[in-house]
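To start, the structure itself, in structure tokens.
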2 protein chains.
Amino acid sequence: MKKAPTIRDVAAAAGVSVSVVSRVLNPESGPVAPAKREQVLNVIRELGYRPRAAARELSAGHALTVGLVVTDLANPFFAQLADRVVWEARSHGVQVVVMTTQEDPHLEAESLDTLLDRSVGGVIATPTGGNVEKWDRLRDLGVNVVFVDRAIAELSDVDVVSIENSDSARRATDHLIALGHERIALITGPASTSTGRSRIGGYRAALEGASISLDPMLVRHVPFRGDGGGDAVGSLLASPDAPTGLIVANTAQVQSSVRRLVQMGVRIPDDLSVIVFDDNPWTELTSPPLSAIRQPIGMLALHSLELVLGRMQGRLPAGARTIEVMADFVPRSSCAAPARSATKSVTR
Amino acid sequence: MKKAPTIRDVAAAAGVSVSVVSRVLNPESGPVAPAKREQVLNVIRELGYRPRAAARELSAGHALTVGLVVTDLANPFFAQLADRVVWEARSHGVQVVVMTTQEDPHLEAESLDTLLDRSVGGVIATPTGGNVEKWDRLRDLGVNVVFVDRAIAELSDVDVVSIENSDSARRATDHLIALGHERIALITGPASTSTGRSRIGGYRAALEGASISLDPMLVRHVPFRGDGGGDAVGSLLASPDAPTGLIVANTAQVQSSVRRLVQMGVRIPDDLSVIVFDDNPWTELTSPPLSAIRQPIGMLALHSLELVLGRMQGRLPAGARTIEVMADFVPRSSCAAPARSATKSVTR
DNA sequence: TTACCGAGTGGAACCGGTTCCACTTTTGTA
DNA sequence: TACAAAAGTGGAACCGGTTCCACTCGGTAA
């Protein structure tokens, strides 16, 4: 086990000073005679020299690294987001340190501390909603923060990248209304989250547009973790006045909800029309394939990274930026006109 | 934007030297009088001091970081692996830098260089199969390498963690044989990969055990990337002598293969019994639910990290270790006895 | 009483880069 | 030809930790 060459090794071998080598490495930092540059580059090649990141970071005060803080990578949405962020970051020569929170503010706080230790230049995060002061402190110490997917109301001066939540929920709801549904259930995230609020807003707007009154019983706020989606499905369908349409707008709960529907033997779309938020590879492999709101994950990743890197390089004007990208509605065969059920006729 | 306190700030505030503060931070490195220790700890708390990782790394020569190099995070297998590795690493105070290769040796080489720059203490990787010299160089520079899921034949002295590939394939094949299948197709990875070879070995062993001769036309080696799985399915079923059973043992190609089956309207298990490698959350949501070999991803992650950290801390004896964990076979309703088809009767 | 040992402490070098600054050599222009 | 400006170079400080070493104390054994 030998040890890697350092800048001084290169300087010695090339017969120049370390300053010259450093300038060859960072061309903007000063002039180097073409001949010497060539000479140094040759030695670098021969020795297989590569600058140590730690040394550079120590000197620069911050690292060419961004932290990615998400709930967990088992959720395909975050997995794909991470995939794109990592991929996109690479092309900018930036590394990504991934941390997961499991939606637990304490774990989130720990993650932020760790990222701070690492002097990351920026953080892309799906915040749990807590740790307001911690986020502030982070920003105060010069770490550029971008929230993706969700926002925090108390932190209005943070960049945010998300889909048009309200609009997406509205389109999904409209689709079911157009098919003739009037009792449309919504499973969404906690009301404390921005996505939960926005999506319910779009749902409400669609109902109002069709003069359908909103039945609070049909709206379920379900935490991101756990099996709340399945339970909500169970309780919604157990009602004597069960819905004929269902929108699962809590990405993390789609699996749990669909699993319960399958277990209960619910016939889709005969018994229930279903639309889920977030189009996964498997949503079209279920039977029937599920109609879905497809989040343009690549776009979310791209914009988030663009923002973080832009801030890190100081080439963005001050002031928080909010980017909302359009999500596609992908109609599949899980939606149909409601059956004229016994329940339905009772209400007539 | 203020700047974070340094060890000298702490020393000054506590009225001691930096050496003392450092010894408080790293208790094993020397004695500190209890009174002063308390005093220093108080100041640390007050100032919110946290040691900069870069400085520590520079001095130590290596980082408390491991690299995780996988194909991509869009594949649920790797996503879950990453999830567990990140989670497990956190509890050891280790950060994970994730890099993806897209199965491209060039990208892999780039990733390894980058990880080298970062002075990572270890790397957990699913190697593409190339870059043999590069892996050697990495190890030569003191980076601890553990291969997960796959091995590289030329690098026999590297730790490897995987499932019992041969045994798993054998059990899947046995299951179909027991149901009465004789024409069993196998879609697996390239023959150049260890998983491809081992799994075909198990398949062959099962057939031999049942005195069924192996028809080379039924074995398809498909690259990890692209839509080869779907194409293989198409060509297998187009044959006049089509199989009645199918094992998709190339994790990356399961989605593509299943999608094609659905598109072709193949009735499972009536027309074809199917077993897939790798149990995803969605394999039981398709209809019918798919029988699967369930890789104990948590175990893979745990052992990989255990090995890497063990090596980093020098508490493991020399000599490469190979850990093979048992995979579960999860029978679901995608397998049944073969129908007595026209094709079948011809062969009798 | 002296010599010795270990605990406790601070100074300073070091890790490997970057950058400022002083200095020498060109080059361009009057 | 003279002289200022620009190009090119190397020395040394610095980033923020760790660690080696010399040194000062007590306490204990000879």
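Letters A, B, ... are given to chains in the order of the sequence lines, protein chains preceding strands, and every chain is numbered from 1.
- If you check every strand for non-hydrogen atoms under 4.0 Å, A/P31 touches a base.
- Here C/dG16 presents its P atom at 16 Å from CZ of A/R50, a figure rounded to the nearest Å.
- Put simply, CZ on A/R118 is 16 Å from P on D/dG16, counting in whole angstrom units.
- Heavy-atom nearest nucleotides on DNA chain C were determined for B/V32 and for B/A55, and the one closer to the 5' end corresponds to B/V32.
- Distances from the side chain of B/R52 to the nucleotides D/dT19, D/dG16, C/dG17 place D/dG16 closest.
- At a threshold of 4.0 Å, the pair A/K2-B/D140 counts as salt-bridged, since one of the basic side-chain nitrogens sits closer than that to a carboxylate oxygen.
- In this structure, the CD atom of A/E57 is 12 Å from the C1' atom of C/dG16, given to the nearest Å.
- If you take CD of A/E38 and P of D/dG8, they are 14 Å apart, rounded to a whole angstrom.
- Separation of atoms CG (A/N131) and CZ (A/R137) is listed at 11.5 Å; rounding is to 0.5 Å.
- Between atom CG of residue A/L309 and atom NE2 of residue A/H92 there is a gap of 5.5 Å, rounded to the nearest 0.5 Å.
- When each of C/dC15, D/dT18, D/dG17 is scored by its nearest atom to the side-chain atoms of B/L58, the top-ranked nucleotide is C/dC15.
- When the C1' atoms of four end pairs are superposed on the next four at each end of the helix from C/dT1-D/dA30 to C/dA30-D/dT1, using five pairs per end, the two resulting axes differ in direction by 50°, to 10°.
- A salt bridge links A/E57 and B/R118; the closest N-O separation between the charged side-chain nitrogens and carboxylate oxygens is under 4.0 Å.
- Remark: B/D159 does not engage B/R321 in a salt bridge, criterion side-chain N to carboxylate O under 4.0 Å.
- Residues B/T100 and A/W87 have side chains in contact (heavy-atom distance under 4.5 Å, counting atoms from C-beta outward).
- Using a cutoff of 4.0 Å between basic side-chain nitrogens and carboxylate oxygens, A/E306 and A/R315 are scored as salt-bridged.
- The side chain of A/L25 approaches C/dT18 more closely than any other nucleotide in the set C/dT18, D/dT18, D/dG10.
- Separating the CD1 atom of B/I7 from the C1' atom of C/dA12 is a distance of 14 Å, rounded to the nearest angstrom.
- Note that the CZ atom of B/F224 and the OG1 atom of B/T195 stand 4.5 Å from one another [nearest 0.5 Å].
- No donor-acceptor contact under 3.5 Å links the side chain of A/R56 to the base of C/dG16.
- For the segment residues 14-24 of chain B, residues with any heavy atom less than 4.0 angstrom from an atom of DNA chain D are, sorted by number, B/S19, B/S22.
- For A/N26 and D/dT9, the CG to C1' distance is 16 Å, given to the nearest whole Å.
- A/R90 and B/E108 are not joined by a salt bridge, as no carboxylate oxygen comes within less than 4.0 angstrom of a charged side-chain nitrogen.
- Considering only side-chain N and O atoms, A/K36 lies under 4.0 angstrom from the phosphate OP1 or OP2 of D/dT9.
- A/L25 places a side-chain heavy atom less than 4.5 Å from the side chain of A/Y49.
- For A/L64 and D/dC15, the CG to P distance is 20 Å, given to the nearest whole Å.
- In the set C/dT18, D/dT19, C/dT19, the nucleotide with an atom closest to the side chain of A/S29 is C/dT19.
- With rounding to whole Å, B/E28 atom CD is found 13 Å from D/dC20 atom P.
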